[in-house]
Amino acid sequence: YGEVFAKADELGAIGFPGTDWLLITVICICLFIGAMGKSAQFPLHVWLPDSMEGPTPISALIHAATMVTAGIFMVSRMSPLFELSDTALNFILIIGAITALFMGFLGIIQNDIKRVVAYSTLSQLGYMTVALGASAYSVAVFHLMTHAFFKALLFLGAGSVIIGMHHNQDIRWMGNVRKYMPITWITFLLASLALIGTPFFSGFYSKDAIIEAVHASHLPAAGFASFAVLAGVFVTAFYSFRLYFLVFHGQERYDQNPEAHHDDHHGHGEHKPHESPWVVTLPLVLLMIPSVIIGFFTLMPMLFGDFFKDSIVVDLARHPAMEELREMVHGPVAMALHSIHTLPLYLALAGVVLSWYMYMVNPALPAAIKRAFGPVYRLLENKYYMDWFNENVLARGARALGTGLWKGGDQALIDGAVVNGSWKVVGRLAGVIRWFQSGYIYHYALAMLLGIFILMTYFVWFKR
């Protein structure tokens, strides 16, 4: 880091050979493409929901705290380089905005309890990326930290529900779990409230700081990003509480599951959920505490204190978002009270109310919407056809290329032409030469006469 950052200004002045791009732009975009794969940004995101097959503690660890956050961390740590390229920052803003909004849409139609939480992770990673693009690196890391607590809690809460539901993960066959699993219920509710940005909860401070930072950014892409993060607030609230209401409230739908094991030894009576043992519920309670309060206590030191000291560098003259944020934020209490006058709070409220209406009051409505918007639903159901594209275009293309290189390159060209071809040529040539070297004098005499005849013909014919 030290050596690279010391030369950052020199790097910022070098052009990329053969183009009018700056070398630093190419470097930063390539670095960020690495972060896109690691931190699951569109279009390199498809692996993340599929990796939900593992047990919930692994999902919680990987997708909340350790793995997917490495890309966000790397860009923040490389801030002295990224600050030199507005092009790269615009690119980051747009990718983050697409991820934040469009991955949220996918969360709305998922029925696997863990997949809803997985798409939520994608969407929140999009928020962090948007903060990076707005040069609010400390805000991105702040959201990364608060998100780790409530997202781990949601995953472990989902795991607790799965245990209580006898390993059913389909939220369509749940309902009213609150009655049987009170600890899981209250912790899951608080985590959901933190996720949608309820004032005074940890997620509120980091999410609102991101929205304000994007508003304050002067980059061309900030307009689209600003719209995406605002719309994302509504979408997040909607899918989070769709999950919450379908699982914890409403009528019990355990015995309607066509895939349930009705040949179970215990009969139907034992199919009721049960609260998980303390080894599962204790971590939920421990994660619930920071999910509620950590943002309140760390807002000022992480964003405006010397928590990061010199490890994050922002060129405030060109990217004034943090400067404007400092003028707006007057402490955690003032920020929470101020949210009553802002749009995000009402968007989140609207999302909660709409999901309550659609899944508690009028459950026929989602099915009617699904019928009315068939093509849109199919697009979402197929995850924007990204998986199809990866399997049929990229994977098949790679296999076709590999097969071509193997059959055409390796077998035909290298083995066939070069290796086998060389010995066949030598063998045939040797066969011809062997005919002359017979050991009979009259053969040699004939060869001499033929040679003289050819030479004389050549001289007479061509030299006249």
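The shown structure was predicted, so the numbers you read here are calculated from the model rather than taken from an experiment.
When the shell of 6.0 Å around CG of Asn392 is examined, it contains more than 12 heavy atoms from other residues, nucleotides or ligands. When the shell of 6.0 Å around CZ of Phe304 is examined, it contains more than 12 heavy atoms from other residues, nucleotides or ligands. The number of heavy-atom neighbours closer than 6.0 Å to CH2 of Trp47, taken from other residues, nucleotides and ligands shown, is above 12.
Between the side chains of Ser120 and Lys151, at least one donor N or O sits under 3.5 Å from an acceptor N or O. In summary, the side chains of Ser202 and Thr146 do not present any donor paired with an acceptor at a separation below 3.5 Å, with no hydrogens or angles considered. His215 and Ser226 are linked by a side-chain donor-acceptor pair at a separation below 3.5 angstrom, with hydrogens and angles left out of the test. Side-chain N/O atoms of Asp86 and His319 include a donor and acceptor closer than 3.5 Å. Side-chain contact annotation: Thr184 with Glu275, donor-acceptor N/O pair under 3.5 Å present.
Between Phe224 and Phe227, the ring centre distance reaches or exceeds 6.0 Å.
Partner Tyr244 forms a side-chain hydrogen bond (donor to acceptor under 3.5 Å, both in side chains) with one of Trp356, Tyr239, Trp185 and no other, that one being Trp185.
Contact record, Leu81 with Ala8: CD2-CB, 4.0 Å, taken as the closest heavy-atom pair.
Below 30°, between 30° and 60°, or above 60°: for His166 and His274 the angle between ring planes is above 60°, a perpendicular geometry.
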